[in-house]
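Position 1 is the first residue of the sequence, and the numbers go up from there. As the structure lists them, so they are numbered: ligands from 1, and atoms in each ligand from 1.
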Amino acid sequence: MTHELIEKSKKYLWLPFTQMKDYDENPLIIESGNGIKVKDINGKEYYDGFSALWLNVHGHRKKELDEAIKKQLDLIAHSTLLGMTNVPATELAEKLIELSPEKLSRVFYSDSGAEAMEIALKMAFQYWKNIDKPEKQKFIAMQNGYHGDTIGAVSVGSIDLYHQVYGPLMFEGFKVPIPDVYHSNSGDPVQCRDECLHILEQLLMEHHHQIAALTIESMIQGAGGMIVMPEGFLSGVRALCTKYDVLMIVDEVATGFGRTGKMFACEHEDVQPDLMAVGKGITGGYLPIAATLTTEAIYTAFYDDYQKRKTLFHGHSYTGNQLGCAVALENLRLFEAENIVEEVAKKSEYLQLLLGELQSLPAVGDIRQIGFMCGVELVSSKETKEPYPAEKRIGYHVTLKMRDLGMLTRPLGDVIVFMPPHASTMEELYAMVAIMKEAIIEVTSGVTNVRA
Ligand SMILES: *Cc1c(COP(=O)(O)O)cnc(C)c1O
């Protein structure tokens, strides 16, 4: 039975973001989950060290979330949001507006983070058209940024490994550097920040009349390698966008819903986005709901008689799905009932101590963390920060070893991602970091001094 399933998986599937040759060598089929662990078809258990790809909040099979879906199922599974709404989508919109930064007052649903970003781009583009400034058409994106895998989101993305091949398909725009302290020459956060803000301001000074919006992840670049922005950068970008009349699109898909120890990461610097994309944790990791939140000013620019052609012609078949919205509502109720955000903030201090113990390992170059969003960068030389030769795939092999030892995650190059569910206890955090440590030691001890 299990053997057959594995053969079927190799024969019929094509998995996302996966070299299938790797999968064929190391297949894995998950059958069930409970708390922060999942179990494969052979009965082996794993800690969910990356929250099922950065989604899960309360663990798997959380009773209240399971119940919320069953209750909604007795009413209806799905209608549509085109020209009408439904009960949980309406109530969830109110809740999202209540929890999000003050300036945001409208919710536009979709099914994934990438779509939420596509919608933000279209809104920003059409906004300027609708208010008779059609020359503002271009976007500024951050180098090393990631906003999802659809073509619009890829166009404002900037990770060569994922994006370069699609170059000819992308729309053109401007790219500006992000302050990456560890990989910078100076290693000084203030200097890095000020240099990047200066470059951004030069660009805005010259081109703001043709720029619709700027896109940026919130406080930390996730897929780009867990690069935490120095204090004052995000708020500095906000100030420049305001000064040069450019909309600010903040991507909170990974960071939203408590992940960084605030409900939304932009709260760390009191930043008010003009558009904000959310997804991932919104349903506690249960169902595909995402949303683009925006201001009354932008909403109003689309509101007119139909003949004025100001409508936002965008939508998806499953937008506003009732089962998803019902579980999202219950998820957000649990956030309050169980003080999830405060708990993450508190437990992340303990996590910082745990991760600090990895610092002494010869292969650990840098440890970056904001809340429960962490990356451990492995390097061939601590002194020179020289990376391992890419073909050694050290990060990949460390995560395979972690899988052996009973924990799942995915690396970003040689950065080991640690993003446990918000509900993880201190004991569970300890056990997971211990597995990471053991895997790093086992895999790197033989190759630490190898040079390219
Ligand atoms: C995951 C992610 C996305 C894309 O979300 P999907 O639901 O996978 O489409 C966008 N932005 C950021 C910052 C992400 O981490």
Taking the inter-plane angle between the rings of His78 and Tyr318 on a 0 to 90° scale, is it parallel (under 30°), tilted (30 to 60°) or perpendicular (over 60°)? tilted
How about Phe264 and Phe257: are their ring centroids closer than 6.0 Å? yes
Examine Lys347 relative to Phe372 and say whether NZ or CZ is less than 6.0 Å from the centre of the six-membered ring and inside a 45° cone about the ring axis. no
Give me the residue, atom name and distance of the protein heavy atom closest to atom 3 (C) of ligand 1. Val253 CG1, 3.6 Å
Under the criterion side-chain contact (heavy atoms from CB on, under 4.5 Å), which of Met229, Arg193, Glu217 is the partner of Ile178? Met229
Under 4.0 Å from one or more heavy atoms of Ala254, ligand 1 contributes atoms 15 (O)
Heavy-atom side-chain contact between Asn26 and Arg403 under 4.5 Å: yes
Ala114 neighbourhood, listing ligand 1 atoms whose heavy-atom distance to it stays under 4.0 Å: 4 (C), 5 (O), 6 (P), 9 (O)
For ligand 1, which atoms sit closer than 4.0 Å to a heavy atom of Glu217? 13 (C)
Do Lys8 and Lys11 have side chains that get closer than 4.5 Å, going by heavy atoms? no
Ring center gap for His60 and His58 short of 6.0 angstrom: no
Of His397, Met436, Met432, the residue whose pairing with Met402 passes side-chain contact (heavy atoms from CB on, under 4.5 Å): Met436
Return yes when His147 approaches ligand 1 closer than 4.0 angstrom through a heavy atom, no otherwise. yes
Just need the protein heavy atom nearest to atom 7 (O) of ligand 1, so name the residue and atom and give the distance. Gly113 N, 2.8 Å
Tell me the contacting part of Trp54 for ligand 1: side chain, backbone, both, or neither, using a 4.0 Å heavy-atom threshold, strictly below. side chain
Please identify which atoms of ligand 1 are closer than 4.0 Å to at least one heavy atom of Asp251. 10 (C), 11 (N), 12 (C), 13 (C)
Can a protein heavy atom be found under 4.0 Å away from atom 9 (O) of ligand 1? yes
Ligand 1 atoms in contact with Gly148 (distance to a heavy atom under 4.0 Å): 4 (C), 10 (C)
So, does Lys280 sit close enough to ligand 1 that a heavy atom of it is under 4.0 Å from the ligand? yes
